[in-house]
Amino acid sequence: MTNSNFLRGMGMGIAAGAIMGAMVPTHRKRGLKRSSAARAIKAVTDVMDNLSDAMGL
């Protein structure tokens, strides 16, 4: 196997991987994770605010 065949195979593999990655619908999943994380952060912030108010800080 020569160097050019190897590079050609690598290029084809990278192109195939990019195409397969573009076909997978990940936008919806990321949005759910972000919103879940945002809700969790908001809940922790609310709890901390309530505790600080109860303690008089």
Side-chain angles (χ1 to χ4, degrees):
M1 183 164 87
T2 63
N3 195 21
S4 63
N5 287 338
F6 174 74
L7 293 176
R8 185 179 297 168
M10 286 292 292
M12 289 173 61
I14 290 171
I19 291 170
M20 294 288 280
M23 294 174 74
V24 175
T26 58
H27 299 291
R28 185 172 171 194
K29 292 179 183 176
R30 286 185 193 156
L32 291 175
K33 288 182 183 176
R34 285 185 193 147
S35 64
S36 297
R39 278 188 246 136
I41 291 170
K42 187 177 182 313
V44 169
T45 304
D46 290 343
V47 169
M48 292 299 291
D49 287 340
N50 289 340
L51 283 174
S52 64
D53 287 342
M55 293 171 65
L57 298 176

Got a sec, which hydrophobics cluster with Met48, joining ILVMFWY side chains under 4.5 Å apart, including via others? Val44
Just to verify, what does Asp49 make a salt bridge (Lys or Arg N to Asp or Glu O under 4.0 Å) with, not counting sequence neighbours?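 Applying salt bridge (Lys or Arg N to Asp or Glu O under 4.0 Å) to Asp49 gives none.
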Out of curiosity, Ile14 CD1 to Ile19 CD1, how far, rounded to the nearest 0.5 Å? 12.0 Å
